[in-house]
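Report on the structure given below.
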2 protein chains.
Amino acid sequence: MDSIGFAKAMADETRQKIMQLLCCEWLCVNDIVERLGEVRQPTVSHHLSILREAELVHMRREGKQSFYSLNQDAVAVCCGMLMQDFAPEKLALDIGG
Amino acid sequence: MDSIGFAKAMADETRQKIMQLLCCEWLCVNDIVERLGEVRQPTVSHHLSILREAELVHMRREGKQSFYSLNQDAVAVCCGMLMQDFAPEKLALDIGG
DNA sequence: CCGACATATAGATATATATCAATATAAAAA
DNA sequence: TTTTTATATTGATATATATCTATATGTCGG
């Protein structure tokens, strides 16, 4: 995952809403569709595939359902990458004192 | 600055290159154009206006030139925001232990 | 004021992306 | 096997975005 892929994956409101939903629990696609309320299932599936590609979500199949949850580790790593690339002095402050 | 505005501002390769150039020094627009090499001046101006809008760069006029530099504080704040929103457990680890 | 230079803006165009309806795929139930 | 349910994929379309050329704006020197 590079910083551009991460930024692109995050650069959409619907995707961020989905990520919020998945932040601290596993949800199946239909649950996500219902909680979003205004977005159709294929659209949600599309966003999930982008988040999967970016490895920002975990996925687990269970029968006919797919469960997703947020990959917080990946988010943390990517944020750290952005900090290193674009706020190195702030990072130095954190480490040094 | 919200997390979507930040992600959108970061979600372009040319913009990230510009941010790299401005990371640790002030450059005028023409210097940026020359260092990028393959991008025309109006395109660079356009990207700079997006970065300005997102408050990710500082700007200073000097005669006919405009100098830009990266706002590392803003980057750090936005990365922190992403962490809080999308990796709260990782953040808790950092704080708690 | 006029010309030269630096940057910004306008307008046009091509590409990327988000969304939906329709359909395919896969798994469980009848 | 047929039907039902859950998710993924396809194809179409509208919007957003990146880029360019041409031009406007703003600043300095003569």
Side-chain angles (χ1 to χ4, degrees), chain A residues 1-22 25-71 78, chain B residues 1-22 25-71 78:
Chain A
M1 216 17 214
D2 63 338
S3 52
I4 291 188
F6 175 61
K8 284 192 176 184
M10 302 288 304
D12 180 84
E13 194 176 347
T14 303
R15 263 187 318 266
Q16 286 207 8
K17 282 183 187 168
I18 291 173
M19 290 174 73
Q20 280 296 344
L21 292 175
L22 301 177
E25 60 182 329
W26 289 83
L27 291 177
C28 71
V29 179
N30 216 38
D31 287 343
I32 298 171
V33 172
E34 283 176 6
R35 299 217 192 176
L36 288 176
E38 301 253 305
V39 188
R40 309 280 164 244
Q41 175 267 317
T43 301
V44 172
S45 273
H46 172 242
H47 286 304
L48 286 171
S49 89
I50 288 173
L51 294 173
R52 241 187 299 133
E53 185 70 22
E55 297 184 343
L56 292 178
V57 291
H58 301 293
M59 184 194 176
R60 163 170 61 88
R61 282 172 220 267
E62 216 167 282
K64 32 185 173 178
Q65 297 181 314
S66 300
F67 287 86
Y68 288 88
S69 76
L70 188 63
N71 184 348
C78 289
Chain B
M1 213 21 211
D2 62 341
S3 53
I4 291 188
F6 175 61
K8 285 192 176 183
M10 302 287 304
D12 179 84
E13 194 176 348
T14 302
R15 260 184 324 262
Q16 286 206 8
K17 283 183 186 166
I18 292 173
M19 290 175 72
Q20 281 296 344
L21 292 175
L22 301 178
E25 59 180 329
W26 289 83
L27 291 177
C28 71
V29 178
N30 216 37
D31 287 344
I32 299 170
V33 173
E34 284 176 4
R35 299 215 191 175
L36 288 175
E38 301 252 307
V39 188
R40 311 279 163 242
Q41 175 266 316
T43 302
V44 171
S45 272
H46 172 242
H47 285 304
L48 286 171
S49 88
I50 288 172
L51 293 173
R52 241 187 299 133
E53 186 69 23
E55 297 185 343
L56 293 177
V57 291
H58 300 293
M59 184 194 176
R60 161 170 63 86
R61 283 173 218 267
E62 218 168 280
K64 28 186 176 178
Q65 297 181 314
S66 300
F67 286 87
Y68 288 87
S69 78
L70 188 62
N71 185 349
C78 289

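The chains referred to below are lettered A, B, ... by the order of the sequence lines, with proteins before strands, and numbering in each begins at 1. Fair warning: this is a prediction, and the values are worked out from it, not measured in the lab.
Contacts of residues 9-18 of chain B with DNA chain C (heavy atom under 4.0 Å): none. Using a 4.0 Å cutoff on non-hydrogen atoms, the parts of residues 31-43 of chain A near DNA chain D are Gln41(A), Pro42(A), ordered by number.
Without hydrogens or angle criteria, Asn71(A) side chain to His58(A) main chain gives no donor-acceptor distance under 3.5 Å. The backbone N or O of Met10(B) sits less than 3.5 Å from a side-chain atom of Gln16(B), completing a donor-acceptor pair.
Rounded to the nearest 0.5 Å, atoms CE (Met59(A)) and CG (Leu48(A)) are 8.5 Å apart. Atom CD of residue Glu55(B) and atom CZ of residue Phe6(B) lie 13.0 Å apart, to the nearest 0.5 angstrom.
Taking a heavy-atom distance under 4.0 Å as the criterion, the stretch of DNA chain D touched by chain B extends 5' to 3' from dT17(D) to dC28(D).
Under the 4.0 Å criterion applied to side-chain N and carboxylate O atoms, Arg40(B) and Glu34(B) are not assigned as salt-bridge partners.
Here the P atom of nucleotide dA8(C) and the CD1 atom of Ile50(B) are 13 Å apart, to the nearest Å. Between Glu53(B) atom CD and dA8(C) atom C1' the separation is 15 Å, expressed in whole Å.
Side-chain contact check for Glu53(B) and Ser49(B): no donor-acceptor pair (N or O, by modelled atom type) lies under 3.5 Å. For Tyr68(B) and Arg52(B), the side-chain atoms include at least one donor-acceptor pair closer than 3.5 Å.
The two atoms that bring Val33(B) and Val39(B) nearest to each other are CG1-O, 3.6 Å, heavy atoms only. Nearest heavy atom pair, residue Ile4(B) against residue Asp12(A), reads CD1-C, 4.4 Å. Considering every non-hydrogen atom in both Leu51(B) and Ala9(B), the closest pair reads CD2-O, 4.3 Å.
The side chain of Lys64(A) approaches dA28(C) more closely than any other nucleotide in the set dA28(C), dT7(C), dT19(C).
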Report task. Give the intermediate values and the outcome of salt bridge (Lys or Arg N to Asp or Glu O under 4.0 Å) for residues Glu13(A) and Arg15(A). Result -> CA-CA 5 Å; Glu13(A) 194 176 347; Arg15(A) 263 187 318 266; over 6 Å; no

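Using a 4.0 Å heavy-atom criterion, one finds that Ser45(B) contacts the bases of the nucleic acid, with or without backbone contacts as well. Note on Phe67(A): nothing from the nucleic acid sits closer than 4.0 angstrom, heavy atoms only. Residue-level contact check: His46(B) touches the bases, meaning some heavy atom is under 4.0 Å from a base atom.
Of the two residues contacting DNA chain C, namely Cys28(B) and Glu62(A), the nearest-nucleotide position lying further toward the 5' end is that of Cys28(B).
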